[in-house]
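First up is the structure itself, then whatever we jot down about it.
Both counts, for ligands and for their atoms, begin at 1 and track the order of listing. Heavy-atom basis, side chains included; hydrogens, waters and symmetry copies ignored.
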Amino acid sequence: MKFDTPATTNPIDKGQVVGKPTDRIDGPLKTTGTAPYAYERHDVARNVAYGYIVGAGIGKGRIALLDDTAARKAPGVLAIVTAKNAGELGKGNFNTAKLLGGPEIDHYHQAIAIVVAETFEQARAAANLIRVDYTRGKGRFDLAAAKESAPAPTPKQDPKPDTSVGDFEGAFASAPVKLDATYTTPDQSHMMMEPHATIAAWEGDKLTVWTSNQMINWSRGDLAKTLGVPKENVRLDSPYIGGGFGGKLFIRSDVLLAALGARAAKRPVKVALQRPLMANNTTHRPATIQRIRIGANRDGKITAIGHESWNGDLPGGQPEVAVQQTRLFYAGENRMTRMRLAELDLPEGNAMRAPGEAPGLMALEIAMDEMAEKLDMDPVQFRIVNDTQVDPENPTRPFSQRNFVECLRKGADRFGWSRRASKPGTVRDGRWLVGMGVAGAFRNNLLQPSAARVRLDPRGIVTVETDMTDIGTGSYTIVGQTAAEMMGVPLDRVVVKLGDSDFPISCGSGGQWGGNNSTAGVFAACVKLREAIATKLGFDPAQVEFVDEQVRSGSRRVALADAAKDGEIVAEDRIEYGDLDKQYQQSTFGAHFAEVGVDRITGEMRVRRMLAVCSAGRILNPKAARSQVIGAMTMGVGAALMEELAVDKRFGFFVNHDLASYEVPVHADIPHQEVIFLDETDPISSPMKAKGVGELGICGVGAAVANAIYNATGARVRDYPITLDKLFAKLTLPA
Ligand code: MOS
C-alpha cells in the first residue's frame, strides 16, 4: 500500500481497540519471568556449548603475541577463534570497527578471541589462560584536545553537516540581547538490562542465530556480509529483547563470535557478552561539546540562532547530530548549524535513545532558559513567542502538525508554573531550596517501509507475522490492537509473532519509528486480508464491515471464521510512503516540567515532581505510551544528574564499565511523574495517524532538571551530569 495522500477519514478503523489503554499482551510472560530472552532459549538447539569473549586490553595498537597453547589444553575446551584462524571476514554496513579485532586493535575491549567449551566456567577459565602481549600505539582519546582541529564530516559520514540561512554572524553581532555559551554532554552507555546475547547453530552452510536485536533485516544482512555467506542462508530470531535503547540496532561481537565459535566447534554455541565488556566493546552515546549563540530583540523574538557541535568517533564513524532540533525548533531569520567530527580511538559512538536531539536539547534548552532570563521573560513565554509552524530553514515547508505551544500552555497550567519564583534561590522548604524548570521537547518522526503477513484460520484466530521487534516498548500489543481493529475481533483473538527474519521485513525498532510504521504495515496487510475474505464470502469488498467477529454488508452477516473453514486465508503487504515527509516536516513535540529540591547544606539534589505534555499524533495505546514516556523521563533524570562514562584519557577506555559504577536512577530517585498526551491525530504521518513517542520522552528532560536546579539555587551548571562537585563550584550557599 502506498501512503502518499493525507488520511482524512478512515472508516475501517473505528478506534474500538486502537487508542485504548491496553495491558501488554506479553505482560504475563514478562512479569512471571517466562519470556525467553536470547540466552534462555533452552529449547532451540541441543548439545549447546558455551562461548566466552576476550576483549583487548589496550585502547590502540597491535597484538604482538597471542598464545593460546595453555587455553587449548584446558578442560572442556572445544575451540578458540581469533583473527588468525577465523578466515576472511567482511565488515557490515553498520559496524565502524571490526567486531573481531587483531592484530590491529581499534579500541579497548574490542573482541580478540572467543573460547568455546563444554561449560561456561570452563570457557571462562580457559580464556584467562590466554596470554596476550601488546604493542601500544598512540591513541587519541581526548575530545576537548581534538576539538580545534576536528574536520567537517565527509558527505558519506553526514550529507548535511552545516546549514546556514540569512546572515547569522551579522544578526548575532547586532542583536540587542544575546547569549554565547558552551555546554558539554558526556559519553553515555545504554546499560540495558539484558546483555547482548546469542545462540548460534549451523546446519550445513545455513546459520540460525537466536539473539537480541532491534533491526532484524539490517542485522541479517550485516551478519551475512561479515561472514561472507548469502543473506538467504542466515536466519535471525529475536522475539523478546530486554532493552536496547539503540545499543542493539546492529550486530555486535556476541553474534559474530557465536557464529564463528559454532562453526569451529561444530556445535551450537551460546554467548552472552560479559557485562564488564559491554561499555567498551559495544557502542555508546558519544560526548559532545556544543556552542550555542542566540540573539534576540528586546521583545523576545529570536533574530539569530547558531548551534555548533563537536564529537569524536573512530575513523569512519558518524557525527552525533546534536544540532538537529536547532534547525527546526524555533523561529529566527538568521541561522547556522555546524558539526565537526574528531577522530578518536575510544570505542564506537553511535545511536542511543533519541540520538541527536537528546544531547542537543540538553544544551539548547538550557540556552533558551539563559536567554529568557537575559530578556527578563518567562521561559515558557519566550518559547511561545518563538514558535514556528513552518520549517525555519525552508519556510515553504509546513510542519505536518505542531502543537508545541499547547504543550507549553497546558503543562504550565497543570504544573502550577505560575507559582515559580523568577528570581533564583528564593524559595525554601525547610532546608531545601526549591526550583522549577521547563524545557521544550522535539524529536523527528521518521517514515520507513514496513511489511506484515496476516492469517485467518478456521477458528477465527488472526495471526500477524512481521520481523518487527519489541524492545520493551509494547510492539506486540499495538501490532495486535491494529489487527484486532482492522479485522473486527477482540484482542484475545489475535496472535502476534515478531522478530524472526523468516517473516516479512518491517521497519524494526529504532529512532522512535517502530510504533507508527509497523502498525501501518499491519494496517496495509489487513486491508488485503479484508479484501480476500470479502471476495471469498461473496461480498463487495468496498461495502463490507468487519465487526464483532462477523463480516457484514446490508442485512447479510457471516461469521469471520467461516471464510477460512476450507483453509487458512493469508495476505501480505507493505506500507510505503510517497513524499509526504518531504512536503511536510514531520516531528513530535512536548514540554517537560520539573521541580527539584537542593539541600542548602549538603547540595543533595532531588527531583520532586515531573510532568511531560506530548504532541505526538494519535496515541495507539495510551498505557504503553505512558510507560515509554515515564521510562524516558527517568532516563532523562539519569542524563541530568548521574550518567557518565568516565574516560581514561591516558589509556583510552571507559573506566566505569559495569552496573556498579555507571550510575542510573533507581526507584527512590524518581518522584511522581505525570504524562499528558494531547488529543490529536496526524493525517500526514501514516494511515494510523500516529507518530513516534518513545524517544520524545527523553528529549529536553535533562535541561528541565538543570533549569530547575538553577531556579532553586542560582547555580548554572553547563556540563552534564550535574554532580555535586560541579554544583558546589557554582553555589553560593546562604549563610
Ligand atoms: Mo534508537 S537510539 O534508534 O534505538
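Remark: A639 engages Q188, M362 in a side-chain contact (heavy atoms from CB on, under 4.5 Å) (not counting sequence neighbours).
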Checklist entry - Can you list the steps and then say if K691 with T588 is a side chain to side chain donor-acceptor pair (under 3.5 Å)? => result CA-CA 7 Å; K691 293 198 277 199; T588 61; over 6 Å; no
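Between D682 and R402, none of the side-chain N atoms (NZ, or NE/NH1/NH2) sits under 4.0 Å from a carboxylate O, so this pair counts as no salt bridge. One finds a salt bridge joining D502 and R235 here, because a Lys/Arg side-chain nitrogen approaches an Asp/Glu carboxylate oxygen to under 4.0 Å. With respect to E695 and R353, no salt bridge is recorded, no charged nitrogen being found less than 4.0 Å from a carboxylate O.
One distance of note links CH2 of W310 with CD of E320; it measures 15.0 Å at 0.5 Å rounding.
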At less than 3.5 Å, what protein N or O atoms come close to the N or O atoms of ligand 1? Include the distances to 0.1 Å.
residue, atom, partner, partner atom, Å
ligand 1, 3 (O), G511, N, 2.6
ligand 1, 4 (O), Q214, NE2, 2.8
ligand 1, 4 (O), G246, N, 3.1

